[in-house]
Amino acid sequence: MSTILITGWLGYIWSHAAVVFAQKWYDIVIIDNLSNTNLSVLEKLTTLIGKFTWRSRQPKFYQIDLKNTEEVRKVFHENKIDGVIHFAAFKAVEESCEDPFKYYENNISGGVSLYKVMNEFWIKNIVFSSSCTVYDTMNVTPPYDEQTPKKTINPYGSTKRMSEIILEDLSTHKGFNTILLRYFNPIGAHPSGLIGENPKGIPNNLLPYIYKVATGEYEFLNVRGNDYPTPDGTCIRDYLHVMDLAEAHVLAYEYLQKNKKFIPSSAGPEWFLDVFNLGTGQGTSVLEMIQLTEKAIDKKITYKIWPRRPWDAPTVYANPSKANTILGRKTQRTISEAIQDGWRFITKNNS
Ligand code: UFG
């Protein structure tokens, strides 16, 4: 069976993808520098993989910073890797505006170090975690398909777009087979409640913050603006269950395997590159998310209207039809299920 390398600074998304890949009998090697997660995620992942796949073969874990090229090289020496699912990135938009260098260093330099080693070892298959934040969400009306004009408005988004451009170059000139996945807003958790989203510090994202209000840790949610040009004045986003997102990675990797090329020809290397949105196509406002959460977990969510967050786009949702048609993905889980699954994780981890 094929071995994939998963890179993560996002304990949240990569852990869910790892479970799905393991269920499909892939062998998994993980690189994470543990900057946004800790080893307990790995223990839980091991439990889950054992439980759902009855497998004795567990993921091999390396605590490495991708910028350390020599250490990354060792991983490629020690394992026969077939392809890479590259998640590792910092992702807090506001923080990226305060400290862009941290984002360039981690998201760009870390990636370049990885791609360099991939190229050396002739491992040219990569699925990259990009974001809908690459689209010109301020000027173009949604839904956004993959052809939507691009314009980033913060360093985080710029690192995603720059990474896409680097991978486009590496496809054209170095024969990389690349799939770019542009995520909309992943939420929820594995239904077991064993793994989920547990950000260090104050959560940046909406649902993790709402959960802190539901547990009583925070008194209220700050709704960041209610004067946007949307039906209830609050921002609209396309929330999708993290398991739906995780499953799409396996479909994308299988699609890449079917279509990959890297036979160098006299005209230069041959390559494959494609890009897919991962969203549901359904928009939900902040106030609707509050109502859905209250209903799904039977808790009151107190909120106050607060000033707008700088650079928030009023409405963002996907045209997901390309991934649905070509990869054969489907949105299988509702937002309410995602909220309940995420809540199960929070309550298990708080008890
Ligand atoms: N919001 C609040 N209060 C909060 C947190 C968020 O009102 O405490 C609002 C935001 O203003 C926004 C909406 O909830 O309107 C969603 O905010 P999130 O931070 O959850 O999600 P974003 O859409 O801003 O950002 C997410 C990811 C990014 C990704 C981006 C792409 O965090 O990594 O989607 O649109 F780039």
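Order of appearance sets the numbers: ligands from 1, and atoms from 1 within every ligand. Residue numbers start at 1 and run along the sequence shown.
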* Going by atom types only, do Thr178 and Ser171 share a side-chain donor-acceptor pair under 3.5 Å? -> yes
* **Contact (N/O only, under 3.5 Å) between Arg224 and ligand 1** => yes
* Asked: Is the closest heavy atom of Tyr156 to ligand 1 under 4.0 Å?
  -> yes
* Asked: Between Glu247 and Lys24, does at least one N-O distance fall below 4.0 Å, as a salt bridge requires?
  -> no
* **Presence of salt bridge, Asp27 and Lys80, under 4.0 angstrom** => no
* Run the salt-bridge test on Lys91 and Glu197 with the 4.0 Å N-O cut-off and return the result as yes or no. => yes
* Structure fact -> Per-atom filter on ligand 1: closer than 4.0 angstrom to a heavy atom of Cys235 are 15 (O)
* **Interatomic spacing from CZ in Arg329 to OG1 in Thr280 - rounded to 0.5 Å** => 8.0 Å
* With atoms numbered from 1 as shown, which atoms in ligand 1 lie under 4.0 angstrom from a non-hydrogen atom of Ser131? -> 29 (C), 31 (C), 36 (F)
* If you count the atoms of ligand 1 from 1 in the order shown, which ones are under 4.0 Å from a heavy atom of Val223? -> 7 (O)
* To do: Examine the proximity of ligand 1 to Trp311 and report which part, side chain or backbone, both or neither, has a heavy atom under 4.0 Å away.
  => neither
* Thr230, Val134, Asn185: member with heavy atom nearest to atom 22 (P) of ligand 1 -> Asn185
* Report the part of Asp312 in contact with ligand 1, treating N, CA, C, O as backbone and CB onward as side chain, heavy atoms under 4.0 Å; options are side chain, backbone, both, neither. => side chain
* Please say whether Leu207 places an N or O atom under 3.5 Å from an N or O atom belonging to ligand 1. => no
* For ligand 1, is Tyr135 a contact, meaning one of its heavy atoms is under 4.0 Å away? -> no
* Residue portion contacting ligand 1 (non-hydrogen atoms closer than 4.0 Å) for Thr137 -> neither
* ligand 1 atoms in contact with Asn204 (distance to a heavy atom under 4.0 Å) -> 5 (C), 19 (O)
* Structure fact -> For Cys132, the ligand 1 atoms with a heavy-atom partner under 4.0 Å come out as 31 (C), 35 (O)
* Which atoms of ligand 1 have any heavy atom of Lys91 under 4.0 Å away? -> 33 (O)
* Structure fact -> Honestly, for Val286 the part within reach of ligand 1 (heavy atoms, under 4.0 Å) is side chain
* **Close N or O approach (Asn222, ligand 1; < 3.5 Å)** => yes
* Asked: Do Asn222 and Lys304 get their side chains close enough for a donor-acceptor pair, meaning under 3.5 Å?
  -> no
